[in-house]
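Residue numbers start from 1 in every chain, and the chains themselves are labelled A, B, ... in the order their sequence lines are given, proteins ahead of strands. Every heavy atom of this structure was used, including side-chain atoms; hydrogens, water molecules and symmetry mates were not. Keep in mind the model is a prediction, meaning the values are calculated, not measured.
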Amino acid sequence: GNSVTQMEGPVTLSEEAFLTINCTYTATGYPSLFWYVQYPGEGLQLLLKATKADDKGSNKGFEATYRKETTSFHLEKGSVQVSDSAVYFCALSGLGTSYDKVIFGPGTSLSVIP
Amino acid sequence: SQTIHQWPATLVQPVGSPLSLECTVEGTSNPNLYWYRQAAGRGLQLLFYSIGIGQISSEVPQNLSASRPQDRQFILSSKKLLLSDSGFYLCAWSVPGASGYTFGSGTRLTVV
């Protein structure tokens with residue numbers, strides 16, 4: 001079936017460190033891929049997305065590339081800040097259901113320390 | 001522009017009491033609407049979705065129900081809350097046929 005797998009963490013990094021959060025997916029067809037971010041006590045916000053193979057989504061210094069050959073959509077940032085501390089969810093959609101079904105990964109908690 | 005409103009932000013309710021959480025969307029017509037629950041330290045669980053007025057589908061059996069009395073209004077209810085209903089409830093909407101959701105700010109429900 002359709003699913004999303006991501007490292008659950010928690011991930012703890014020092015400020016200005018390089019961040020990678022791995023995400024792989026299983027899906028039939030050609031899904032769209034997303035990263036959502038959830039800051040403490042808040043709802044989810046769309047961080048970036050990619051709708052077809054080799055597309056790169058980017059926002060706020062974060063990047064992820066849609067890799068169809070490896071079914072991956074890893075999130076990266078070159079230099080993290082304390083304000084990036086949050087939970088990050090990888091997700092996919094475009095599965096052809098009547099209600100735009102989105103499948104979320106379990107989330108990765110990131111803590112950035114000064 | 002489209003916005004989504006969800007309230008209340010926090011709620012503390014005793015076991016056995018009723019529940020009503022409301023979500024409204026502005027700036028769009030005929031959206032798909034969703035209720036998710038996020039238990040402490042866990043991922044997102046889709047509870048209900050709706051593709052139109054009065055059309056509600058449940059993803060998991062539970063103590064909760066949902067209603068859509070108007071095109072852009074989605075309500076999550078319970079007649080008698082259980083301790084296990086505690087969690088963070090998120091409403092979301094999407095444009096039919098488009099990809100991705102927009103989430104509300106969530107309601108933190110604690111059942112005591």
- For atom OH of Tyr39(A), decide whether the heavy atoms of other residues, nucleotides or ligands shown that lie under 6.0 angstrom number more than 12. yes
- Query: Any chance CD of Glu16(A) has more than 12 other-residue heavy atoms, nucleotides or ligands included, within less than 6.0 Å?
  - Reply: no
For residues [X] and [Y]: do they belong to one hydrophobic cluster (side chain heavy atoms under 4.5 Å, members Ile, Leu, Val, Met, Phe, Trp, Tyr)?
X: Val25(B); Y: Leu46(B); result: no
X: Ile4(B); Y: Ile51(B); result: no
X: Tyr34(B); Y: Leu44(B); result: yes
X: Ile103(A); Y: Ile21(A); result: yes
X: Phe88(B); Y: Leu83(B); result: no

- Is the backbone N or O of Lys101(A) less than 3.5 Å from a side-chain atom of Tyr49(B), with the two atoms forming a donor-acceptor pair by type? no
- Flag the pair Phe104(A) / Gln38(B) as yes when at least one side-chain heavy-atom distance between them is below 4.5 Å, and no otherwise. no
- With a 4.5 Å limit on heavy-atom distance, are the side chains of Tyr101(B) and Phe34(A) in contact? no
- What part of Gln38(A) is in contact with chain B, defined as an atom under 4.5 angstrom from a non-hydrogen atom: side chain, backbone, both or neither? side chain
- Note on the structure: Turns out that what part of Gln6(B) lies under 4.5 Å from chain A's heavy atoms comes down to neither
- Query: Taking all non-hydrogen atoms of both residues, which atom of Val102(A) and which atom of Tyr36(B) are closest, and how far apart?
  - Reply: O-OH, 3.8 Å
- Task: Compare every heavy atom of Gly100(B) with every heavy atom of Ser93(A), then report the nearest pair and how far apart it is.
- Result: OG-N, 3.9 Å
- Query: Counting a contact as any heavy-atom pair under 4.5 Å apart, which residues of residues 70-80 of chain B contact chain A?
  - Reply: none
- Item | Residues of residues 102-112 of chain B near chain A, each having a heavy atom less than 4.5 Å away | Phe103(B), Gly104(B), Ser105(B)
